[in-house]
Each structure stands twice: as C-alpha cells, then as structure tokens.
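Step one of this worksheet: look at the structure below.
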Protein chains: 2
Amino acid sequence: MNANIYWNIYNDYAEKIQNGGIPAGAKIPSESELAETYGASRETVRKALGLLSQNGYIHKVKGKGSFVLDLGRMKFPITGLISFKEMSEKMGRKSRTLVHKTERVPASRVIAGHLDIQQGATVWEVIRSREIEGERVILDKDYFLPERVELLTPEIAGNSIYDYLEHTLNLSISYAKKEISVEPATPEDRALLDLNNLSHVVVVRNYVYLEDTTLFQYTESRHRLDKFQFVDFARRVR
Amino acid sequence: MNANIYWNIYNDYAEKIQNGGIPAGAKIPSESELAETYGASRETVRKALGLLSQNGYIHKVKGKGSFVLDLGRMKFPITGLISFKEMSEKMGRKSRTLVHKTERVPASRVIAGHLDIQQGATVWEVIRSREIEGERVILDKDYFLPERVELLTPEIAGNSIYDYLEHTLNLSISYAKKEISVEPATPEDRALLDLNNLSHVVVVRNYVYLEDTTLFQYTESRHRLDKFQFVDFARRVR
DNA sequence: AAGTGGTCTAGACCACTCT
DNA sequence: GAGTGGTCTAGACCACTTA
C-alpha cells in the first residue's frame with residue numbers, strides 16, 4: 001500500500017516489537033547498520049525510527065542507541081484515529097454492533113453547529129450501539145455531510161464505516177480533533193445503553209477532516225462510565 | 001535554549017499562528033521560499049513544517065502548499081505534557097493550589113506497583129488540590145523516586161514542580177504515558193474536593209519517564225466529573 | 001509548464017557515551 | 001578513539017495541482 005522505504009522499515013520494526021520479536025529494553029541496530037541492511041540512506045532510516053519513537057515503540061538515546069519500550073503492548077483504543085472495529089479486533093473481545101438508524105435527516109441546531117453548516121441542511125445520521133461481552137456500553141452517533149457520502153446503508157453501518165469511506169469512496173481522512181468530557185446521561189442513552197443506574201456518560205466528540213481541510217464528519221461516542229478508558233503516549237517537545 | 005535552525009522556523013510560525021498573525025486558512029510560504037528566507041536547506045524547513053503539522057498548526061497539501069489550521073487556539077489542558085500551572089495561566093482563570101502533604105513515606109502496595117519498586121521503599125508523596133474559581137475541583141497525588149529528587153518543600157509544591165525538576169534539578173523529562181478512566185470517589189476525594197454529591201471522579205494516571213528510560217514519577221490527577229475536559233489532536237498515520 | 005510538497009541520497013560536522 | 005544519534009546540506013526525482 002505504501003511502498004516507501006521508510007515505511008517498510010517502520011512496519012518491520014513496529015511488528016517485531018508488537019509481537020515480542022524484540023523484547024522491551026533491547027537495543028535495535030544502529031542507524032548506520034540499518035541503512036546498510038536496508039540499502040537506504042541514514043536519513044531515510046532516521047525517518048522510520050522517528051516514527052517508531054513518536055508512536056511509543058522505541059526510545060533514542062544520543063551516544064548509545066535506540067531501545068525498545070514497554071508501552072507498545074498496552075496501546076489502547078481511542079488514541080490516534082482508530083475505529084471501533086479495529087479496536088475490538090485488536091483486543092480480541094466479543095463485540096457486536098447494533099444499528100438503530102441510518103437516515104438522511106435535517107440537521108438540528110446543535111449538529112449544524114458542530115458541522116459548521118446551516119441548520120436544517122441534510123446530513124446522514126447513523127446511530128449505533130456497541131455491545132461488548134453482552135452489555136451495550138457505547139453509543140455512537142455519527143453525522144456525515146451528504147456531499148461527500150452519497151449512500152449509506154444499515155449493512156455498511158454494521159461493518160466499518162471507515163473501511164467504506166476510505167476504500168470504497170476513496171475519501172482520505174487527514175486529521176481529527178477529539179474532546180473528552182463527562183455529561184449527564186440523556187433518555188436516549190438510557191434507552192440504548194445498559195447504564196445500570198449510572199447518572200453520567202463519558203462523551204467523546206470527534207471532528208474528522210479530509211485532505212482538503214473540510215470538516216465532513218462529526219461523531220459523538222457516548223461511553224458507560226465504568227467501561228471507558230483512554231490511553232495516551234506523549235513525548236516532550238524536542 | 002535550542003539554537004537549531006528548524007527550531008527557529010518552527011517557533012516563528014507557531015507563534016505567528018497562535019497570536020493570529022497569520023489567519024486560519026491562509027497559505028504560508030512554500031518550502032523553497034522558506035529555505036531561502038532562512039538561509040536553510042529545504043529538508044531543514046521540512047523538519048520545521050513537519051512539527052507544525054504534527055502539532056495541529058498547519059496542514060500540508062501536495063501540489064498546493066501549507067495552510068494554517070483553526071485548531072491552535074482551542075488547544076487545551078492535558079494534551080501532551082503540560083502542567084497545571086502552564087494550563088491555568090494559558091486559560092487566564094483564577095486558580096489556587098492547596099498543598100496538603102509533602103513528605104517522604106514508605107510506598108504502599110499500589111503505589112509501589114505503579115512505580116515498579118519494592119513495597120515499603122521510600123517515595124516522595126505530594127498531595128495538592130487545585131481550586132478554580134473558588135471550587136476545589138482537582139486532586140493531584142504525586143509520587144517521586146527519592147533517588148532523583150532529594151528535596152521537596154511545600155513551597156516548591158505550591159509552585160510548579162515541573163519547573164523545579166527541569167530547571168533546578170536539571171532532570172530531563174522524556175516521555176509519559178497517560179491513562180484516563182472514571183472511578184468511584186474515595187473518602188479522600190470527598191474530603192479534599194468540592195464534589196457536590198457526584199459519585200465518581202475522572203482519574204488521570206500519569207507515568208513520567210526520564211531520558212534514560214527510567215520511570216521516576218507517578219501522578220494521579222483526580223478531577224470532578226463536570227469540570228473535566230481533554231482535547232486531542234490526531235493525524236492519520238502517514 | 002511551472003510550482004508545490006513527498007521521498008531519497010551521500011556526505012558532512014557535531015555532541016554524546018563507552019572503553 | 002570508536003560508535004552512536006542529532007543537525008544540516010545540495011541536489012535529485014517523483015506525484016500532484018494549477019494555469
């Protein structure tokens with residue numbers, strides 16, 4: 001898919017580290033060694049190692065070398081731009097998606113505000129709940145601009161919408177902004193989730209932008225309090 | 001502090017964008033133009049622009065140019081490695097820190113587990129609550145390895161511990177892992193925070209590592225539900 | 001066709017760590 | 001002093017956008 005040299009190096013090592021092929025704390029070959037074995041220049045190797053470092057796979061120490069970190073395994077859901085499907089597969093948990101709604105509707109005032117469009121303009125509304133180990137713990141409410149997404153069906157919504165957008169529609173997602181907060185549960189939350197009398201839900205608002213900088217999707221992911229977790233890996237500026 | 005060329009370029013533009021000197025949507029000069037004006041090579045310029053892009057300041061489009069994004073202003077608290085003090089200053093809100101404890105104590109089983117040390121080993125324990133606009137809404141519990149931090153005083157704890165660590169002790173923080181979850185409030189939470197009968201708190205566990213890959217600080221930041229917010233900016237892989 | 005960003009190279013010098 | 005990662009260069013070719 002991406003035939004770049006740095007990408008190959010990155011993936012080789014990301015994989016080796018993820019599946020334990022290289023244990024935590026181990027030293028990986030030096031940049032010049034890697035350059036030789038891959039027949040690449042050192043700058044290209046450095047690009048790959050920079051990515052590995054950024055994503056928490058390795059740690060580089062001047063004068064010493066690059067070392068495998070212990071965080072890769074614990075990498076969890078929502079960090080970056082991972083879909084529910086990718087996540088639950090990665091975790092190997094039994095999960096199911098219930099599609100409640102897949103319709104074109106006029107945008108409410110709130111939704112229009114989130115998507116920065118006119119109130120009443122048509123948007124796709126997709127409402128799904130996610131069942132993990134028999135309990136409905138996540139409620140996903142997705143809104144798409146119809147200019148970009150002509151057709152959505154419950155079948156597509158039942159699988160990965162991301163897959164459909166990226167591979168079938170060839171929409172290229174570029175970046176996203178996420179906001180996490182905790183809010184009182186709505187009647188809709190109570191109807192579509194197994195809330196067990198919990199009064200609040202964790203709300204993750206996700207604004208997704210395309211390559212051309214246009215906002216085209218707004219997602220509200222509402223999680224049952226006790227089933228929510230978010231993990232973040234951060235490097236000091238550089 | 002960092003006299004590198006790419007760093008200068010990065011800071012010049014980060015600043016211009018942050019204070020509105022370049023409006024959102026505007027195009028910044030091309031890489032070759034920037035290379036010329038800064039007397040640098042294009043690769044060096046690209047390094048700076050890569051950082052700007054990663055941090056949500058700009059967006060690069062092949063064949064077109066680099067454009068200023070609209071997200072810079074909203075950048076919020078906990079993303080990255082920002083301290084409470086930096087944050088509240090940035091937000092311009094009235095805040096106060098109450099220091100409850102600054103002591104060397106034997107590590108409990110739980111704390112020892114988090115810091116990966118022997119139970120009963122001595123650690124620094126700092127407990128502070130953060131008052132924002134008259135309400136105590138955050139409880140910070142910090143634990144430091146005494147090998148790295150010899151002395152801590154309530155005065156230091158009342159200001160920025162990060163400042164002290166980085167500038168006085170010259171400890172270089174390298175990366176951190178953050179976990180966010182929601183948990184039932186403890187009696188301690190109820191005693192030191194103004195919880196208003198809320199049953200749960202948002203817990204942010206923060207593991208801080210030094211340049212040499214050693215874990216040296218564990219922080220538990222406990223937030224009142226309704227005052228918690230987290231914003232994240234994520235780019236699709238590349 | 002001209003301009004843009006994306007990838008890659010071969011080589012240089014530096015600061016740091018280890019022995 | 002040998003080895004490591006960090007910065008930087010000058011130039012090349014490519015894919016893409018715009019005119």
Side-chain angles (χ1 to χ4, degrees), chain A residues 1-13 25-54 57-69 170-172 174-175 210-214 235-238, chain B residues 1-13 25-54 57-69 170-172 174-175 210-214 235-238:
Chain A
M1 161 157 287
N2 196 330
N4 302 323
I5 302 177
Y6 79 85
W7 190 253
N8 288 332
I9 305 177
Y10 171 77
N11 273 311
D12 280 5
Y13 275 86
K27 185 171 167 302
I28 68 174
S30 74
E31 296 178 349
S32 15
E33 285 180 86
L34 286 172
E36 197 164 0
T37 67
Y38 279 92
S41 73
R42 188 159 79 97
E43 279 295 354
T44 300
V45 170
R46 282 180 56 71
K47 192 164 180 177
L49 296 194
L51 272 181
L52 288 169
S53 164
Q54 239 174 59
Y57 287 106
I58 64 170
H59 184 234
K60 313 177 83 180
V61 185
K62 192 192 294 202
K64 296 178 82 170
S66 298
F67 303 86
V68 174
L69 288 181
N170 270 317
L171 287 179
S172 189
S174 170
Y175 57 93
L210 296 178
E211 285 292 356
D212 58 3
T213 326
T214 56
R235 299 208 89 88
R236 196 74 172 164
V237 211
R238 304 97 85 49
Chain B
M1 166 158 282
N2 195 331
N4 301 323
I5 301 176
Y6 79 86
W7 189 253
N8 287 333
I9 304 176
Y10 171 78
N11 273 312
D12 279 5
Y13 276 86
K27 186 170 165 301
I28 67 173
S30 74
E31 296 178 348
S32 15
E33 285 181 86
L34 286 173
E36 197 163 0
T37 67
Y38 280 92
S41 73
R42 188 159 78 97
E43 281 294 354
T44 299
V45 171
R46 283 179 56 71
K47 192 162 180 180
L49 296 194
L51 272 180
L52 288 168
S53 163
Q54 240 173 57
Y57 288 106
I58 65 169
H59 183 235
K60 312 176 83 181
V61 184
K62 192 192 295 202
K64 296 179 80 172
S66 298
F67 302 87
V68 174
L69 288 180
N170 270 318
L171 287 179
S172 188
S174 169
Y175 57 94
L210 296 177
E211 285 292 355
D212 59 4
T213 326
T214 56
R235 298 207 88 87
R236 196 73 173 164
V237 210
R238 297 104 82 52

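First the proteins, then the strands, lettered A, B, ... as listed; each starts at 1. Just so we're clear, the structure is a prediction, and the values are computed from it rather than from any experiment.
Under the 30°/60° scheme for interplanar angles, the aromatic rings of A:Tyr10 and A:Tyr57 are found to stand perpendicular.
Rounded to whole Å, the distance from CG on A:Leu34 to C1' on D:dT4 is 12 Å. Atom CH2 in B:Trp7 sits about 10 Å away from atom P in D:dT7, given to the nearest Å. The CD atom of B:Glu36 sits 16 Å away from the C1' atom of C:dT4 (whole-angstrom rounding). Look at NZ on B:Lys47: it is 17 Å from P on C:dC8, rounded to the nearest Å. Distance CD (A:Gln54) to P (D:dG6): 13 Å, rounded to an integer number of Å. Distance, A:His59 NE2 to D:dT4 P: 18 Å, rounded to whole Å. Rounded to a whole Å, the CZ atom of B:Phe67 is 11 Å from the P atom of C:dT4. To the nearest angstrom, P of D:dC8 lies 11 Å from CZ of A:Arg46.
Among residues two or more places apart in sequence or in another chain, the side chain to side chain contact (heavy atoms under 4.5 Å, CB included) test is passed with A:Thr37 by A:Leu34.
Residue A:Ser66 comes nearest to A:Lys60 through the heavy atom pair OG-CG, 3.7 Å, listed as atom of the first residue, atom of the second, then distance. Summarising the geometry of B:Leu210 relative to A:His59, their closest heavy-atom pair is O-CE1, 4.3 Å, with the distance given to 0.1 Å. Heavy atoms only, all atoms of each residue included: B:Gly25 and B:Phe67 are closest at O-CD2, 3.8 Å. Pairing each heavy atom of B:Ile58 with each of B:Leu49, the nearest pair is CD1-O, 3.6 Å.
In this structure, of D:dC8, C:dG6, D:dG5, it is D:dC8 that holds the atom nearest to the side chain of B:Tyr6.
OP1 or OP2 of D:dG5 lies within a sub-4.0 Å distance of a side-chain N or O belonging to A:Ser66. In this structure, B:Lys60 does not reach the C:dT4 phosphate: none of its side-chain N or O atoms is under 4.0 Å from OP1 or OP2.
Taking CD of B:Gln54 as the start and CD of A:Gln54 as the end, the distance is 3.5 Å to the nearest 0.5 Å. Note that NZ of A:Lys47 and NZ of B:Lys47 are 12.0 Å apart. Values are rounded to the nearest 0.5 Å. Rounding to the nearest 0.5 Å places CZ of A:Arg46 at 12.5 Å from CD1 of A:Ile9.
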Annotated protein contacts, base or backbone, on nucleotides 9-19 of chain C with a non-hydrogen cut-off under 4.0 Å, one of B, S, - each:
BB-B--BBSS-
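Of the residues in residues 25-32 of chain A, none lies under 4.0 Å from DNA chain C by heavy-atom distance.
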